[in-house]
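Since the structure is predicted, the reported quantities are computational estimates derived from the model, not experimental observations. Atoms within a ligand are numbered from 1 in the order they appear, just like the ligands themselves. What's counted below: heavy atoms across the whole structure, side chains too, no hydrogens, waters or symmetry copies.
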Amino acid sequence: MTIPFILDTDTAQDDCVAIIASLLDPEADLRAITMVAGNVGFDRQVRNAQMTLSAAGRLGSVPIHLGCRRPLVLPWVSAENVHGDGSGGLDMDFTGTATEQEHGVDALIRLTAEAPGEISVVAIGPLTNIAMAAVKEPAFVDNVKRLVIMGGSNNGRGNITPAGEFNFYVDPHAAHVVFEAGFRDVTVVPWAPLTLNDAVFSREQLAGIDAIGTPLSRFFLTVCGPTLAFDESVGIPGTTHPDSLSVGILLHPELVTQAGDYHVAVEADSGLTRGYSAMSWGVHGLEPNARVVETADGEAFHRWIEGLLATPTEVSRPLRGGLFD
Ligand code: RIB
Ligand code: CA
């Protein structure tokens, strides 16, 4: 029985890997991609998603709905210093590529309302679309089967600031709305310590991916290259992959080796701690509103991604740049 879900993404680098996993894993029934303002320029994110679909030989096979182009309250903040433009310098002919007329927020509401309690959502960017859907249509909160959120840190360091992880930092008001909304089943995949411990691919592991020699392994290395340089410059020994881990946790819950019930609240008003996720582990009299993943099987996660990248694909359209030149 496959798992139906919607992927809400700010497509760059690790989001691209999450899309590949969402397309190719045999358990995955990817119903739609909804785009949200985050990593890089919005229209660039759309092209990054289309190139990813093309690399998997699946261009046009999944509807892409354009969602919110800026956070709810604060101005957009980019992560272009981390990802470049998220494409690793790749390009392709986008003539005739299309996105859906229906807004991403409306698609989230409609698709989950058409099958109440059956479709999950994996949110791997700022939570603007998810919050807007919950505000526009309160029934959305009950219609979503499971909400998997990549964001925050579990009493750990941020990344864009000492306190803030990027997705929650960009739109802390949306994160506040989502955690207060009452979704029935929320799983949080945090940056620290989880991602830093269990979802970093080392140079040695990247060399193993290079040896695979498929279009997907070349695509992976091309889009993740710029982020490797940044990550190493800030002391992270490899490329970080919290987004594909979030998809993996939905499709293969056995990847989770330790998790706990927490009350999660996100700071939206402080400049210093904007986006900080206060995760209470049950001793502060706060009702849990999420299951937070504490540890994952990093080796199994890496094997899973390697296996997907080994899938032979015929690219939908020729890709230029990076390892495709
Ligand atoms: O902090 C990590 C998150 O921010 C990931 O989703 C990455 O893609 C960026 O959006
Ligand atoms: Ca992301």
Side-chain angles (χ1 to χ4, degrees), residues 6-22 33-42 44-46 48-49 52 64 67-68 70-71 76-88 104 121-130 147-154 156-172 174-175 178 187-201 220 223-228 230-231 234 236 238-250 266 274-277 279 292-293 296 301 305:
I6 300 164
L7 186 68
D8 190 72
T9 168
D10 58 342
T11 312
Q13 197 254 142
D14 63 326
D15 295 71
C16 300
V17 184
I19 292 176
I20 290 170
S22 302
I33 291 171
T34 53
M35 197 59 67
V36 66
N39 277 318
V40 299
F42 192 91
R44 178 71 256 172
Q45 290 181 172
V46 176
N48 291 344
T52 305
I64 299 175
C68 296
R70 53 148 297 176
W76 170 63
V77 173
S78 113
E80 285 155 337
N81 64 310
V82 175
H83 302 299
D85 69 0
S87 72
V121 175
V122 179
I124 56 175
L127 291 171
T128 315
N129 289 339
I130 312 305
L147 175 60
V148 180
I149 296 169
M150 190 281 131
S153 282
N154 181 0
R157 60 176 57 194
N159 48 27
I160 189 169
T161 70
E165 174 280 325
F166 180 78
N167 289 339
F168 287 5
Y169 177 88
V170 168
D171 199 341
V178 168
T187 299
V188 177
V189 181
W191 173 256
L194 175 70
T195 297
L196 296 178
N197 288 343
D198 300 324
V200 174
F201 291 175
F220 174 99
V223 298
C224 293
T227 308
L228 175 61
F230 175 85
D231 285 343
V234 295
I236 299 172
T239 57
T240 54
H241 298 280
D243 291 354
S244 52
L245 178 60
S246 299
V247 172
I249 285 168
L250 175 73
V266 179
R274 168 181 166 176
Y276 174 72
S277 51
M279 296 191 182
V292 176
V293 179
F301 168 56
I305 293 292

Measure up the Phe301 and Phe201 rings against each other and bin them: parallel (under 30°), tilted (30 to 60°), perpendicular (over 60°). tilted
Atom pair [atom1] ([X]) and [atom2] ([Y]), whose distance is rounded to the nearest 0.5 Å:
| X | Y | atom1 | atom2 | value |
| --- | --- | --- | --- | --- |
| Asp171 | Cys68 | CG | SG | 8.5 Å |
| Ser87 | Arg44 | OG | CZ | 4.5 Å |
| Leu196 | Thr240 | CG | OG1 | 8.0 Å |
| Asn129 | Ile6 | CG | CD1 | 10.5 Å |
| Thr161 | Tyr169 | OG1 | OH | 6.0 Å |

Exercise: identify the closest heavy-atom pair between [X] and [Y]:
| X | Y | result |
| --- | --- | --- |
| His241 | Cys224 | CE1-SG, 3.7 Å |
| Ser277 | Gly152 | OG-CA, 3.4 Å |
| Ala49 | Met35 | CB-CE, 3.8 Å |
| Phe168 | Val266 | CD2-CG2, 3.7 Å |

Considering only non-hydrogen protein atoms, determine which one is nearest to [atom] and report residue, atom name and distance to 0.1 Å.
| atom | answer |
| --- | --- |
| atom 6 (O) of ligand 1 | Asp243 OD1, 2.7 Å |
| atom 1 (O) of ligand 1 | Glu165 OE2, 2.6 Å |
| atom 9 (C) of ligand 1 | Asn39 OD1, 3.1 Å |

Heavy atom under 4.0 Å from ligand 1: found in [X]'s side chain, backbone, both, or neither?
| X | value |
| --- | --- |
| Thr240 | neither |
| Thr195 | neither |
| Ile160 | neither |

Ser246 and its side-chain contact (heavy atoms from CB on, under 4.5 Å) partner, picked from Thr195, Ile124, Asp14, Ile149: Ile124
Sort out for me which residue in Val170, Asn167, Val40, Asn48 forms a side-chain contact (heavy atoms from CB on, under 4.5 Å) with Asp10. Asn167
Do Trp191 and ligand 1 have an N or O pair less than 3.5 Å apart? no
Between Ala12 and ligand 1, does any nitrogen or oxygen pair lie at a separation below 3.5 Å? no
At a 4.0 Å threshold, what atoms of ligand 1 neighbour a non-hydrogen atom of [X]?
| X | result |
| --- | --- |
| Met150 | 2 (C), 3 (C), 5 (C), 6 (O) |
| Asp10 | 10 (O) |
| Asp14 | 5 (C), 7 (C), 8 (O) |
| Asp15 | 8 (O) |

Distance filter < 3.0 Å from the Ca ion (ligand 2), protein N/O/S hits 5
